[in-house]
Amino acid sequence: MKNKKILVVDDDKLILDIVKDALEAFDFSVVVVDNTDEALKIFAKEDFDLILCDLFMKPMNGIEFSKYLFDNYQKIPPIIIMTAY
């Protein structure tokens, strides 16, 4: 069975490190990025089984990022939007 691949998008580098370590402990393959522009570039090149995305970011927030994916791609993995607020 292949490892599930997760894209984590958050502008807080500490959160990225914590989430990455936790998910890798369960044998997930994890790609982390700290902004939505970079996330879009990576998403265009790679397939993911899940996206974890912070709600409050720039240039797009998590809702805008999700809407962009749904409007521009046919195959979208589940997206979980997370926030510390």
Side-chain angles (χ1 to χ4, degrees):
M1 181 173 115
K2 84 169 188 142
N3 289 357
K4 298 292 183 179
K5 191 171 182 182
I6 301 173
L7 175 62
V8 183
V9 188
D10 197 309
D11 57 354
D12 184 325
K13 294 197 188 273
L14 178 61
I15 297 296
L16 288 176
D17 290 342
I18 291 168
V19 171
K20 184 176 194 286
D21 289 346
L23 292 171
E24 287 179 341
F26 288 95
D27 291 327
F28 291 104
S29 174
V30 182
V31 175
V32 296
V33 294
D34 64 1
N35 66 78
T36 51
D37 285 344
E38 189 64 27
L40 290 174
K41 289 177 191 173
I42 291 173
F43 185 81
K45 297 177 188 175
E46 300 181 37
D47 291 329
F48 292 93
D49 298 295
L50 176 69
I51 297 174
L52 294 176
C53 183
D54 186 22
L55 177 59
F56 297 108
M57 292 183 297
K58 299 220 184 241
M60 284 188 273
N61 67 39
I63 301 292
E64 294 164 335
F65 174 72
S66 299
K67 183 173 179 352
Y68 182 89
L69 293 180
F70 283 109
D71 289 348
N72 292 281
Y73 293 91
Q74 289 186 344
K75 184 180 176 195
I76 306 297
I79 300 171
I80 297 174
I81 295 179
M82 55 189 182
T83 184
Y85 296 96

Would a hydrophobic clustering, with Ile, Leu, Val, Met, Phe, Trp and Tyr connected at side-chain separations under 4.5 Å, put Tyr73 with Leu7? yes
Indicate, with yes or no, if Ile80 and Val9 share a hydrophobic cluster defined by side-chain heavy-atom contacts under 4.5 Å among Ile, Leu, Val, Met, Phe, Trp and Tyr. no
Does any non-hydrogen side-chain atom of Asn35 lie less than 4.5 Å from one of Met57? no
same_hphob_cluster(Ile42, Ile51) at 4.5 Å side-chain heavy-atom cutoff: yes
Give me the atom names and distance for the closest heavy-atom approach of Gly62 to Cys53. CA-SG, 3.7 Å
Say you draw a straight line from OG1 of Thr83 to CD1 of Ile15; how long is it, rounded to the nearest 0.5 Å? 10.0 Å
Is it true that Lys58 and Asp11 make a salt bridge, defined as a side-chain N closer than 4.0 Å to a carboxylate O? no
Looking at side-chain heavy atoms only, is the closest gap between Val8 and Leu23 below 4.5 Å? yes
Under a single-linkage definition using a 4.5 Å side-chain heavy-atom cutoff for Ile, Leu, Val, Met, Phe, Trp and Tyr, are Ile63 and Leu52 assigned to the same hydrophobic cluster? no
Non-hydrogen side-chain atoms of Thr36 and Glu64 separated by less than 4.5 Å: no
Backbone N or O of Asp27 within a donor-acceptor pair of the Asn3 side chain at under 3.5 Å? yes
Run the numbers on Lys41 and Val33 for side-chain contact (heavy atoms from CB on, under 4.5 Å), then give the verdict. CA-CA 10 Å; Lys41 289 177 191 173; Val33 294; over 6 Å; no
Using side-chain heavy atoms (C-beta onward) and a distance below 4.5 Å, is Lys4 in contact with Leu50? no
Check whether any side-chain heavy atom of Asp12 lies under 4.5 Å from a side-chain heavy atom of Asp54, and answer yes or no. no
When every non-hydrogen atom of Asp10 is compared with those of Leu16, the smallest separation belongs to O-CD1, 3.4 Å
Run the numbers on Ile6 and Val19 for side-chain contact (heavy atoms from CB on, under 4.5 Å), then give the verdict. CA-CA 11 Å; Ile6 301 173; Val19 171; over 6 Å; no
Please tell me whether Val31 and Phe28 are part of a single hydrophobic cluster in this structure, the criterion being side-chain heavy atoms less than 4.5 Å apart. no
Any side-chain heavy-atom pair from Ile79 and Phe70 closer than 4.5 angstrom? yes
Could you measure the distance from the OH atom of Tyr85 to the CG atom of Leu55? Nearest 0.5 Å is fine. 10.0 Å
Quick one: sort the Phe43 and Phe48 rings into parallel, tilted or perpendicular, breaks at 30° and 60°. parallel
